[in-house]
Each structure stands twice: as structure tokens, then as C-alpha cells.
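Below is one structure, written out as C-alpha cells; the observations come after it.
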Amino acid sequence: MSKNLRVKTSKFIDETTRISFKFNNKTYYGFKGDTLASALLANNVHLVGRSFKYHRPRGIMTAGSEEPNAIVQINDGTALTEPNARATEIEIYEGLKASSQNCWPSVNFDIGGINNLLSPLLPAGFYYKTFMWPASFWEKYEYFIRKSAGLGKSPTKPDPDIYEHRYIHCDVLVIGAGISGIMAAKTSAKNGLKTLLIEEKPNLGGSTIYQNSDHFKINNQNSNSWLEKEINEIKKIQNLEIKTRTSVAAFHGYNFLLARENLTDHLPVEQRKEKTRHKLLKIRAKKVISATGSIERPMIFDNNDRPGILLSSAIKRYTDFFGVACGEKIILLTNNDSAYETAISLIQKGINIEAIIDNREEVDSKLIYEVEKNNIKIFKGYTVIDTSGYKKINKVSIMKLSKDGQKVVGSKINLSCDCLGLSGGWTPAVHLFTQSGGKLKFRDVDQVFIPNVYPSDQLSIGACNGDLTLDEILSNTSNSLKKFLNIKNTEYENLEVVSSTNKFKRNIWLLPSNKILGKTKSFVDYQNDATAKDIKLALREGFRSIEHVKRYTTTGMGTDQGKLGNMHALGIISETAGAKMGELGTTTFRPPYTPLTFGTIVGRNVGEYFDTFRKTPIHDWHEKHNAEFENVGQWKRAWFYPIENENMHDAVQRESKAARESAGILDASTLGKIDIQGTDASEFLNRVYTNAWSKLAIGKCRYGLMLNEDGMVYDDGVTTRLGENHYIMTTTTGGAANVMGKLEDYLQTEWPELDVYLTSVTDHFATVSVCGPNSKKIVSEVIPDLDFSDESFPHMSFMNAKIGKISCRVMRISFTGEHSYEINIQANYGKSVWEKCMEAGKNYNITPYGTETMHLLRAEKGFIIVGQDTDATMTPIDLQMDWIVSKKKYDFIGKRSLYRSDTIREDRKQLVGLLTDNPNEVLEEGAQIVANINKSPVEMLGHVTSSYYSPNLKKSIALGVVKGGKNMMGQKLIIPMEKKNINVTVADPVFLDKENKRLNA
Amino acid sequence: MFIISCPYCGEREQSEFKAGGEAHIVRPKQPTELSDDEWAEYLFMRKNIKGIQYERWNHIHGCRKWFNLVRDTSNDEIKSVYKMGEKPPSI
């Protein structure tokens, strides 16, 4: 039976609601309001985890989000599991299961603990130094290093929870609901400003809400009672929104902040169903007030990491807020007055204090006098030099400090204890301030960094601004608020304040010891096991920048991001290197302040909502007819239409044959369509395409190639002249939006004098493409009024037509090399036109085909696909498409680049056809192409860009890019594959109907 | 994330905009008369200043208009926003 260390009823804990939970498979009880840490401490459980490198036993160290040690896996084995959760922040609920991390087989007996004994062999940079040679062994080392690295276990099942994002706009955002945050929120809201107050803990009031002592009074009330009234008042203010359990993760420029609101993690699992777990708040605030408080510093001495060693302020919080004693024989080690506040709380609750070790000599402090009145032994001018107790502290050794604080003198005194509280002074929590771009200054008197230059309309108040005592907080906060909010007065101007803290502190970053440093383990970063010795070693080895020392020693790189130890690391560096703290700077504080789950970051953008997708008006028909789809840009395009048990290959072969032998039908609605009008439309096309447009007759279509200014192919498509000043341009499916953007850019910024108007009409039209020898018969049945004779409707021309009463545009253009027609009709009639074509084509075995067949057919004809056969390094000349580049035009986008020294090289990669010696062998797209396999290193000449088995030519065909390929016609090349080399011959990229007989048939 | 004041629409979130690189690089009127080096100067050479930089931006998810702005790249402060064709302010 474990001991019960619940000492006193606390009003923050509901002792009528008992909650059972499991830790490392053992059942414990706590109360509603407990954190996992407070409930474990009430059960006298201190040992909760093992450290990262040495696997040393570690206990609960803090009572907040700065916790480095007590990180646990919760609900292991379920979809809800979460690694690296801080026991100090988890609110217990019925059924909670938590377990220790980084230990095997158990936290009590951990094999990895052997690393502790090996620690002299594991200095800073151990892995860098040891696993360097031979380089080829890295792959083997890596396997074992990865196995021993990492803290918790990632969930392996899909996250069942719901997450949301919410935008919030407010006049004033107040971060932190301690005493100064409450004052700020109330002042702001009462002055009519829309105010949002955010607090990471479940309750408001910070540490003042349990500061119940005669030594801290406001207007003759204890500070906690005064604050309680303020809190009750602000809860009634209409224009003040309060969010608890909400942690600001990031503070970006322009007062843009991200916060995580935790809505269900404190509820029993069965009560969370259908509820949103976390909300990511995207906050844009006109003004931001940071009241993020401060974090107590530990102290650095040999074996300062044993279970049972906590921050003194954490002992106070567990006592006053949770009613839990952290031990029965407590010793406090301090260099300032705050440990005496803890001592007074312990005395009030009747918890035994063995002794207080104070680095300072005699100090005139009311708090000390009160403690002395209670006959508690205070060792003034002493320090702790060592501790013992493997799984829990049981003894401290202390010695007298020399006058300069550099040495210990006299003889060692041993004191037994079961808990040690550390109070190394306070570090203002300036993380968010610096994230926002704020600049700090160093205050020498108590060795803290405080805000100096604000990058946006924001203010820091209270402890995070360096106001560390009650009287300073109250007077400075009131004055700052007046200036910041531009108001005449606040309610807080004539308060009568009693604040008994003596501010004197004796700051020693690394406490002296009777042993040499090399024999000590004085932890600076608890989670990553970085010691003072490691930091000094890094300096000896030549590291100077703090950013480098940080990465070499891993100080501050754990999940706690060095919230406790970073200041000491800086202090030790500055003392050792003889540099001033203020000049040394700090490491960069990066978001998030506390870790966020991936679920919170992605919100609702999961599964089918991960990205938007676009469907054509004919999509339903494709679905009904068993189409497989492929993603092209955001579009879902029909890929192929398998019949019965056909695989993709069989379906594509059948579709391709049908299209050439009789008739095929394709949904081409996804092609980009841009409507171009204006008196300068022809001139505009002249400038954006490589070929000439001025002489294109009305009613005619022309293929165009668009380059970037660097001469590389950007997009292609057919543009039709609908009228004197009216064109319709088609673009590739994936390139539509970018082409539109590029054209707008040139029109607005380079050629604003041109009278041209662009409208994207991609979604306005559905496009049905019918091809094959029987296409004319089919389309003329659907549009009987139109003259389809070759004389009046030749290849590359367009007609306006009507299907019933509905107008449509019919183009006789072809991407397959077959005689074909594209019917463009108002989108909502697309499906009906498609069905009409299917009906009319019944007798001709009209066959719907998808993108795969389209690709095969165009490859037979040697037509390129921009983005498949080109990759932004291909000019039209590289594509052997010289014919499309106008020699006469004075200028067009990319023209000048076509004769740069690099683009005229003969040995550029050029597009060629490839035929395999074995006509049944189909190449792999992306495969490398070489000429000589025997000369090492083998020179890569290029790669295969498109490859298919052509059912119409009854052989394998491929396109590829090859260095100097233009002059290699008929030459033999090799495609080396994993198991064999495939012999190919360079060929003309046009494999079928070079004379265009089919197009004009 | 910045707030950008589009000269046509007013203050909007940065996510509505697309950055378009350095401003006031004019496309040569007669590219064919330029040497390779002169053309390369236009095509490739861009400043990347720490400090005051003149930039092109497009309100791509809004009015789709291009405009210029002056930004201090060291702290992202936007000093001025002005329309295409307007004279750049001296800062």
C-alpha cells in the first residue's frame, strides 16, 4: 500500500470525486482537479521516467509545461496513444493509462541504465566522434543508434479524434491569466476593447491565486483573496472572451499567433465522442499583451537530477494548490527569497522542513525571520555539493561557500531528506516575445533577460517583463497599461500593497564542489542529459557560438526546449569563455512553445478533405461505367474503363485499337480554356506564343507553344480565332491556372498598353472529343444541321453550331492523330451531349477512352506532353520542333534565350523516338539511357520520357531525351535495367502516319 | 504572416497574395539586340537584400492585380504599397 501524502483539503481539488487511473499498469487514485503528477506525488510516486542518454532514474521536477523529466506515454496500444505527454499537464480522468518511456524492461529496472556507468565513455559529441569511420559503416551504426534514440512511441493507428481551426480577430490579446494578465484583460475590456484572454492551465490566477500569506497583501486582503474577486468580476464582462487549457504555440510577425485550445483531453474517453479534441486558434490581434510569467531556475551541482528533487515553486504549488506534500523531510536549496515562501506554505500545512540551505549570507528579510521563528535550521552561505539515493533522494551533502562563491570550504555536512527543493531565482518567460522578433536586454543585477525592443504593437507585463515581486508587478503593470492602451487611469493606481520579498539574490551558475568537474554529473539539460562538464568540453574543443554549443551538447534540444537549463548553459559558457552574458545573446526560441499534435496542425484537412478535387460535368457517367480515375492537377480524370476483369493494360490496348479502327470518345473538359478579347488580342498571342498569329483566319485553329523567358517550354495547346478580336485558348489541364497568371502578369506589368481582356472559362464548358475514322458520321448525327464536308469544315477549323436549342462550338482538331472533333458546350449540357454521342456511335463501336489511351495514341503520333516529355530544361529546338518557332517575329517571350550560348549547344538533351530491338519489350519510363556500358563511370545520356506497347503498330514505342540525340538517328543505345540491358535504336519520334493522312481523311 | 494593404482592396492576409520577386526590372524593349551578358543580367540577376527591398506582389486570391511594395526584409515591415506604373517612393 502506497503512502497517502494528501495533506490538506484544497479548494482547487474536488475531493468528493475520486478518480482511478493506471500508471505502469498499477492502479492509483486521485481527485478531480489533479494532474497526473500531483496524483502520483500524493501516492508518493516520484520515479516516473528514465533520462535519454544515461537512463538515470528521474522524477517529477516541475508543476507546469516546462517539465523536462516526467514525460509519459498515455493510453499506449490504443489509437488515442500519445508520446511525450507532460505528467504535470495531464489532468487525470477515469480510465487514464500512462506509462514511463525510454526504459526497458521497466522504469524500476532499466537495462539502459548501464549507460550511466559507461558515462565517462559517452561525452558530448560521442556519436559524432565515434561513428565517423569508416564512412561506409554508417548504415550499420545508424540502425542501432536509431533503435536507441527517440523518446515515446508514435501512434500507429489512424487518429480517431476531430480537430478544428478557428480564426479569431480581437483588439487585445492577453497571454497568461496570472495576476498581471487578469489586470490587463480587465482594464482592456472595461475600456471597450474586444479582448481575448488565454491561459494554458485549467484555472485562472497563476501562482498568486494560492499565495495565501500575511506577507503579500493588496488593500488589506491577502493577495489570493483580492485576485479571486478580480477573477469573479472579469468573468462577467461581455466583450472579454476567456480561454483556459489553451497554449500559445507561436507568436509571428504582425501580431499573428497560433494557439491550441484543448477541449476534451481532461474528459473520460467515452465522454469525448463526436467532440472536437483540439482547436487551433489563428489569432490576429491589434495589440498583444504578454503576461507569460516566469520559470523558476534549478541549480547546478553534482547529482542534481534524482527523483525527489523538484523546483521549490513546484513544491509550493503541489502543497497549496493540490494539497499534496512532495515529501515528509524536505530540504530547500536557494539563492533568493522565494524558497522561504515555499517554506511558509509548508509550515502552514504542517509539512516537516529539515533545513534550508541558502547561498546567501545574512539577509534582512521578513520571510526569513518568519521561517526562523518556526525553529527551522537555515544554513546561510552554504551550498549543496552532492546528493545520494538511486531511485529517490535520501541525503544531501552541503559545504560552506567561499566568499567569492568559487569554492567550497570547511567540512562536509550530510543531511538526510526525502525531497529537495531548488530555487535558483527566476527566468522571465520571454519565449513568445522573442519568437515575434523582439530584442532582449540583460539585467545584470539579477542576471535575467528582459524584453527591450518590441517589433510590433505589443507589451510584456508582470514577471515575463522582469517584475518579479508583487509590488513591482502591481505598480509597473498599471503604468504600462495606461501608456499601451492610451487610457487616463486604471483601477490599480492607489493600491496598498504589502510585499515582503527581499530581492537580493546570489547568482552562481555552476555551484562549486569539493570534486573536480570531470568527476561530477551536474545536469544542465535534464531531458537530454547534458551536463556542465559537457558544455565545458565543447568550449575546450573550440566551440564558441552558443548555437553550436547547443547542437554539439544537445542542451535545450529536448521536448522542453531547455526551458529550465538554457540560462545556466549560457551562464557557464560566459563564465568559462570570459564573455559578458548580454553580449553572448541567447539561442533562438522557435515555435511551438509547447509541442502540438499533428492532428491540431492539419485540423479538418484529412481524408477526402486533404485537398480539393475537381470533377467534370461528365464525371458521374464515368463512375457509372466503371472508370478508374487518375489525379491530374486537382482534377479527377477518367484513366481507363475496364470491362469485366480487364486489367489496365488490356483495357488500354482495347481502347486504343477501337479509337484508330472506328471511334473513340474522350472527356476533355479539364483542359484549361482562356477567353481572350480585345483589339490587340492577335498582337498579344504573337508575343506569348513562338509562332505567328496575325494571319490566322477567323474560324481557324492553331497549335501554339508557350515558352518561359528562359526559352524553355512552359505550356502548349490549340487556340481558335472566334472573331476579329476574339480567341479561345486551350492550355494543358495542369497548367491552366499558371498560364492564366503568367498572361495576366505580362498584360498588367510589361504591356499595359495592349487592349486585351482575359477570362478563365475552364469550368464554363464541357468538352467531348470524338475521334477515329467514323467520328464524322457520329458527330454529324448529333449535329445534323452542320456541314461536315472537308471543304467547309477542314482539319484545324471551327464552327458554331446548335444541338437542339443549345449553342456549341465544334473544333476539328486532334491530339490522337485521328480525324476528330471536339464539341464544347455549356458545362451543364456536357453529360447529355456525351450520351448523345454514345447513342449515335452505338453502331460504330464507339469506345470511351481515358487519359492512358490518350497518352498512348498521341505517343504513336509523336505529340509531346508538356511536363512528361519536357521538364523545364527543354527548348522547342531540343524537342525537334523548330518548325513552330517563327524566324520572322521580332520578339516573343523566350525568343532571345533560344540563342544563348547554352541553348545553342549541339549536345543538349533532345527528344527522340526509341524502338526496342525486341518489339515486345516495353521500356520503363524514367529509365536511364547510355551508349557505352563498359566504360566506368558510365555516362548517362538521358532518360525515357514516354513508353507504351502500341496495339496499332504491334510493337513497343518510346520517347526519350538523349544528349545530342538529334544526330543519332539509327544509332544503337542501351537501357540498363536491374537484371538486364535492353538494346534500343534511335528513331523518328513520329511512329504513325507521318503524312497526316488520317487527320485529313 | 503579414497583413498587406492591396491598393485596390485594402488590408488582407498574406495568404491571399503571391510574391513575384524583385520589382522595377523592366523587360528590355529589344531583347534581340542584347548581348548574352546583357540578356542574362535581365533574366537571372536578382538582388537579395537584407533591409529595404522593392517587391512585386499579386493579389492572386482577390482582385488578381499586380502591385509593388517596399518591405524591410530584416523585420518584414511594409513601408509602402503602390500601383504598377507609379513612381517608387524613396525610403
Side-chain angles (χ1 to χ4, degrees), chain A residues 167 169 250-258 282-286 436-439 453-457 687 707-712 737-738 740-753 757-760 887-904, chain B residues 1-5 7-8 11-46 55-68 71-78 82-86:
Chain A
Y167 287 89
H169 296 265
F251 189 167
H252 295 294
Y254 287 73
N255 284 351
F256 180 69
L257 298 95
L258 295 175
K282 300 178 176 184
I283 305 164
R284 185 72 82 168
K286 289 194 183 124
S436 77
K439 299 273 175 282
V453 183
Y454 293 103
S456 60
D457 198 358
R687 295 187 191 185
L707 309 185
N708 265 332
E709 210 61 276
D710 61 5
M712 303 304 156
N738 289 337
M740 181 74 185
K742 180 181 156 102
L743 299 184
E744 285 179 327
D745 187 354
Y746 274 89
L747 265 184
Q748 288 180 34
T749 66
E750 297 295 349
W751 308 320
E753 71 281 4
Y757 301 90
L758 306 172
T759 311
S760 166
K887 301 266 179 322
K888 287 188 200 145
K889 280 201 296 183
Y890 182 69
D891 190 16
F892 55 82
I893 296 171
K895 179 179 170 96
R896 176 60 186 84
S897 291
L898 293 179
Y899 54 93
R900 288 178 56 237
S901 58
D902 187 59
T903 39
I904 55 173
Chain B
M1 213 163 46
F2 322 155
I3 289 177
I4 298 172
S5 187
Y8 304 92
E11 284 191 352
R12 295 288 191 278
E13 294 273 335
Q14 186 188 347
S15 55
E16 292 186 17
F17 296 85
K18 176 178 134 178
E22 191 181 335
H24 303 297
I25 294 174
V26 181
R27 187 174 190 272
K29 285 272 176 276
Q30 297 170 322
T32 46
E33 287 167 22
L34 301 181
S35 69
D36 267 13
D37 284 351
E38 287 166 330
W39 180 245
E41 186 65 33
Y42 161 72
L43 196 56
F44 302 121
M45 296 308 176
R46 298 292 182 270
E55 299 175 335
R56 285 154 35 89
W57 284 76
N58 182 214
H59 194 186
I60 192 160
H61 299 298
C63 64
R64 293 188 71 88
K65 285 283 196 186
W66 283 91
F67 57 90
N68 293 320
R71 180 171 67 104
D72 186 337
T73 60
S74 68
N75 60 11
D76 289 335
E77 191 190 331
I78 295 170
Y82 54 103
K83 291 179 183 175
M84 278 294 159
E86 286 180 358

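Quick note on labels: first sequence line is chain A, next is B, and so on, each numbered from 1.
Between Pro7(B) and Lys83(B), the closest heavy-atom pair is CB-CG, 3.9 Å.
For a residue to count as touching a neighbouring chain, one of its non-hydrogen atoms must lie under 4.5 Å from one of that chain's; by this rule Ser456(A) does not touch chain B. Contacts between Tyr899(A) and chain B at a heavy-atom distance below 4.5 Å involve backbone atoms as well as side-chain atoms. In this structure, no portion of Tyr167(A) lies under 4.5 Å from any heavy atom of chain B. Both the backbone and the side chain of Ile3(B) have a heavy atom closer than 4.5 Å to some heavy atom of chain A.
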**Request:** Before giving the answer on side-chain contact (heavy atoms from CB on, under 4.5 Å), spell out for Arg12(B) and His61(B) the whole-Å C-alpha distance, their side-chain angles and the decisive distance to 0.1 Å.
**Result:** CA-CA 10 Å; Arg12(B) 295 288 191 278; His61(B) 299 298; over 6 Å; no
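Taking chain A as the reference chain and counting heavy-atom pairs below 4.5 Å, the highest number among Arg64(B), Met84(B), Arg56(B), Lys65(B) is found for Arg64(B). Interface check for chain A: of the options Ile78(B), Ile60(B), Asn75(B), the most heavy-atom pairs under 4.5 Å are formed by Ile78(B). Most heavy-atom pairs under 4.5 Å with chain B: of the set Thr749(A), Asp710(A), Asp891(A), Asp745(A), this distinction falls to Asp745(A).
The number of heavy atoms from other shown groups lying within 6.0 Å of CD (Glu753(A)) is above 12.
Inspection of the Tyr746(A) and Glu709(A) side chains reveals an N or O donor paired with an N or O acceptor under 3.5 Å.
Side-chain N or O atoms of Tyr8(B) include none that pairs as donor or acceptor with a backbone N or O of Gly62(B) at under 3.5 Å. Lys895(A) places a side-chain N or O within 3.5 Å of a backbone atom of Lys889(A) that can act as its donor or acceptor partner. A donor-acceptor distance shorter than 3.5 angstrom exists from the side chain of Asn255(A) to the backbone of Lys286(A), with no hydrogens or angles considered.
Contacts between residues 25-37 of chain B and chain A, defined by a heavy-atom separation under 4.5 Å, are made by Ile25(B), Val26(B), Arg27(B), Lys29(B), Gln30(B), Pro31(B), Thr32(B), Glu33(B), Leu34(B), Ser35(B), Asp36(B).
Ring pair Phe17(B)/His59(B) is parallel by interplanar angle, where below 30° counts as parallel and above 60° as perpendicular. Taking the six-membered ring where tryptophan is involved, the planes of Trp39(B) and Tyr42(B) are tilted, since the angle between them lies from 30° to 60°.
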